[in-house]
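Following: one structure in structure tokens, then a few remarks.
Every chain is numbered from 1, with letters handed out A, B, ... down the list of sequences.
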Amino acid sequence: MTAATGIRTRPWFTGRRAPALILVGFATLLLGWPLLMLLVGAFRSAPPGQSGSWTLSAFPDVFGDARTYDALLNSILFAVGATAVALLAGGYFAFLSARTTTPARGLITPVMLLMLALPTLLYAISWSLLGNPEVGLLNKPFEALFGASPLNVYSWPGLIFVQGLKLSSFCYFLLLGPVSTLNSSYEEAAFTSGASRWKTLFSIDLPSLAPTLFGVGILVGIYCMGTFDVPQIIGENAGVDTLSTRIFFYIAASTPARYSAASGISMIMMLAMVVLIWLQWRYTSKRSFATVTGKDYASTRWALGRAGYLGTASIAVLVLVGVLLPASQVVLTSFQSVLGMYSRFTLANYTAVFDDPQTVGAFQLTLSLSVAAGLGTMVFATLLVYAGAKTSRRLGRYVDLLSLASLVLPGVVLAAALTWGYLAVPGLRQLYGTTWLCVIGLVILLVPVASRSAAGALVQISADLEESARASGASALRAFCGIVLPLMLRSFLAGWLVCSVIMAGVLDVPLMLLPATHSNVATLSYSLFYSSAVPTQACALLVLLTALICALGIAYLVLRSAVLTVTAGAARRNPRSNVEVRVP
Amino acid sequence: MSIVRIDDLTKRFGGVTAVDRVSLDIGDGEFVALLGPSGCGKTTTLRCVAGLESPDEGSIRLGAGTVVDRSRGYELPPHKRDIGMVFQSYALWPHMSVIQNVSYPLRLKRQRKQAAHARAMETLELVGLAGYASRSVSALSGGQQQRVALARALVREPSVLLLDEPLSNLDAALRTQMRVELKRIHEQTGSTMVYVTHDQEEAVSMSDRIAVMHDGRAVQIGSPREVFDAPSSRWAAEFLGYENILPGRVETAGDGTARVRPDGWDTGLTCARAAGFAAGDRVWLAVRSTAIVFDDSAGRPNRLDAKVLRSTFLGTATEHEVAAFGSPLVAKQIMGGARPAGDAVISIEPGRIALIPTTDGPTDEPADDRAMDEPAAAKGRAL
């Protein structure tokens, strides 16, 4: 790591590019092979791993079925609706938080962080209870007053609202940066040209954010096309079938499992995603939005005066709807003896959960899956990005593309693809029916997230950083320990945390890839809620899962401060203020 | 009739007073520069006029109407003020073409598209960019972008045009060219302009009046000649490039001339511009380096024996550090001629000594005097 990025210095791998190439080749196989087999699978007559013949029989099955088109239409409606809600809410709160003087705006980021960290599964279950016409916390008061329940989450609006609400936190964090760096001199130029604030917002701010909004919208849209938790838990009761629930249906709810039909649906879904990506590519390649600016003026906040309290009111609604309501519903339900009875609370659900050896096993599995697989993903992604960045420019670009490719592989599709890919190969076949296939699935699922985090960490370790440390009189070792290590370790730890939190809460991959004898917390609470109909125990599990996620967060903070202490000694002589940190 | 009237304007940021009781009257069609070093409050003053900052005290009138009056708690938002503003960063909207940028203010006045277009084209012609109407603003050079920004500010014919260091992002050659251009546009349109700059040359070459600002206050307001020939304070003299500033005392005065003796000197100097000073007054003597000449012809006034300590060739001139009566002085020799060395005779033109009344200093002890020490002299030259 003594050499540097770019052209000026010799690449680190000079003369021994082999390891890098082997790694990139392995990654290509890891990500590409299941995808290839998934496509091939659409043309096979037998399930994965069994000898069959080439056939087109899946096509009339899939394409001749009206439900396929319903599901496609539903998926598109769902994706468009949820994305719109998420963008609107996320963008609105990002603006409120970054560009106004709204009282209590400091609450927005922590609340959004909580919303982002809570598993979608928990959101789906808590809202399906909240908006449940019979037992929901939201409907109970109305029922007592008017004898009727106005809210029904099992509906199109409910479906879109819950998914949109969850994803608004994601949009918020993606938009916060661009919104807070909005050039306020553009706004001031509009004011002094005679434009009111509203006019400025719509004719200046929004258009200059358009490319970002479009990009985030496409990303969220792609995610919505493939997401499983909310459509499965809320959509099924609403009578809404999406492509992802169809794939699940073909594989998990049909006997025998119809893998080639699942492949066919997967292809439709991925085609839709490719269309979305193409749209974005068309859009961004057509216009150039180079910002025209000389000196930056500090972004000024809009003083809202009394209108700011309207903003505060909306923040209160966010806190309520985004965190308080779902959390209290889950917590309350976990203490109920009978679902929907808001009296005579009991600890029975927790005792039942703790007495069940299966539950204890599920926690162990979730913990080891998320921590170990999270670490594995980060190590793999870091090595991959490093190999790409330090070997050659072309390889770097390829690795970039490769590491993002699995974005178009949502959990259900990935599970189907892995089944095809691993059952077809003798040797690898043995992995099927073990937790290892699930681990592989989770790693592939999170490579895009992990690689972005790793790329961010590597960018910080520019050659100048090390060189300036050396020029300030640090030995090579001290420069590495004082500059490179702490810089990279911190991003690495943060990436690890994000991967672990997602892995602890994700439902679709474990549900489809874990062997029947094993469950983790997510799949167990899903089956308690869904199949065995003990939603009270499911809620107790979800409360414990949240505690586990919090524990991961605390462990991260402890680890980070430990890293800082360990490296502080080396860094003391090279204070970071002497060093220019370059961010792209 | 004044078109802009600023009264006792005060603006604080936290505990820092950025603008401190500034008052300024600007007449119709006048070009006024707010000149000062960075952090002196000139941009904040301008932004208060535009409505982009809300002052803490004072009032501002634009044309016939008050736009802000703190004592009444009244404040008009910027978009309702009859102003045009040019920003240091140009602030051209990147998602609009040149013509869209320029016609935007007109469209906000609900002008029909055709009419707005025609008027915008006229303004683009005025700034010499008629051929660039449909270009994207990011495809223009810095100078062209500045012209578009100017056109956008001019297009709705505001009663006052506010310019916030509009040329500071341009290179030197372009800056000189734009200076001439701005002056021409000012003459052609007759618009009132308030121009914020830290560049003295810009201020002098373009404006009718200059307001010199320091630490949030307007320390001197006057024509460029008044300001440059008769700085009102020691700080202003230093800022305006007076290299030699000596403490002294008026010995005799009368008929607009005076005999002033710098502290520690055996002889006094004759000053031709000393109206209003009386014998016994403590003063600063401010002398530009170009007013000190090496000329020992007998008839010249203010002849002094001096020692040349060091000479630095500057390309178009030579700078000499000399000492007279123990005071270090800087003399700049523009033309060729004899190159003085060692002992020399210098003379200081009586008409080019600016006398500055002192309120704060100098004391009777020369040892306290900052003008004597080397860093202060160096700072003076840097300006």
What's the shortest heavy-atom distance between [X] and [Y], and which atoms?
X	Y	answer
B:S89	A:S185	OG-OG, 3.3 Å
B:W93	A:S193	CH2-OG, 3.8 Å
B:F87	A:T192	CE1-OG1, 3.8 Å

ask   = Just wondering, are more than 12 heavy atoms of other shown residues or ligands nearer than 6.0 Å to CZ in A:R452?
value = yes
key: Crowding at OH, A:Y309 (>12 non-hydrogen neighbours, <6.0 Å)   = no
Contacts table for residues 105-117 of chain B: side-chain donor-acceptor under 3.5 angstrom, sequence neighbours left out:
from: B:R107; atom 1: NH1; to: B:Q111; atom 2: O; distance (Å): 3.1
from: B:K109; atom 1: NZ; to: B:R156; atom 2: O; distance (Å): 3.3

remark   = The interface call for A:A303 against chain B, heavy-atom contacts under 4.5 Å, is neither
task = Report the distance from atom CZ of B:R47 to atom CD of A:E188, rounding to the nearest 0.5 Å.
result =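 Here the interatomic distance stands at 4.0 Å.
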ask   = By a 4.5 Å heavy-atom criterion (distance strictly below it), what part of B:I83 contacts chain A: side chain, backbone, both, or neither?
value =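 Answer is both: backbone and side chain atoms of B:I83 are under 4.5 Å from chain A.
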task = Report, by ascending residue number, the residues of residues 121-132 of chain B in heavy-atom contact with chain A at a distance under 4.5 Å; give 'none' if the set is empty.
result = none
Donor-acceptor contact present, side-chain B:H95 to main-chain A:S203, <3.5 Å =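 Answer holds: yes.
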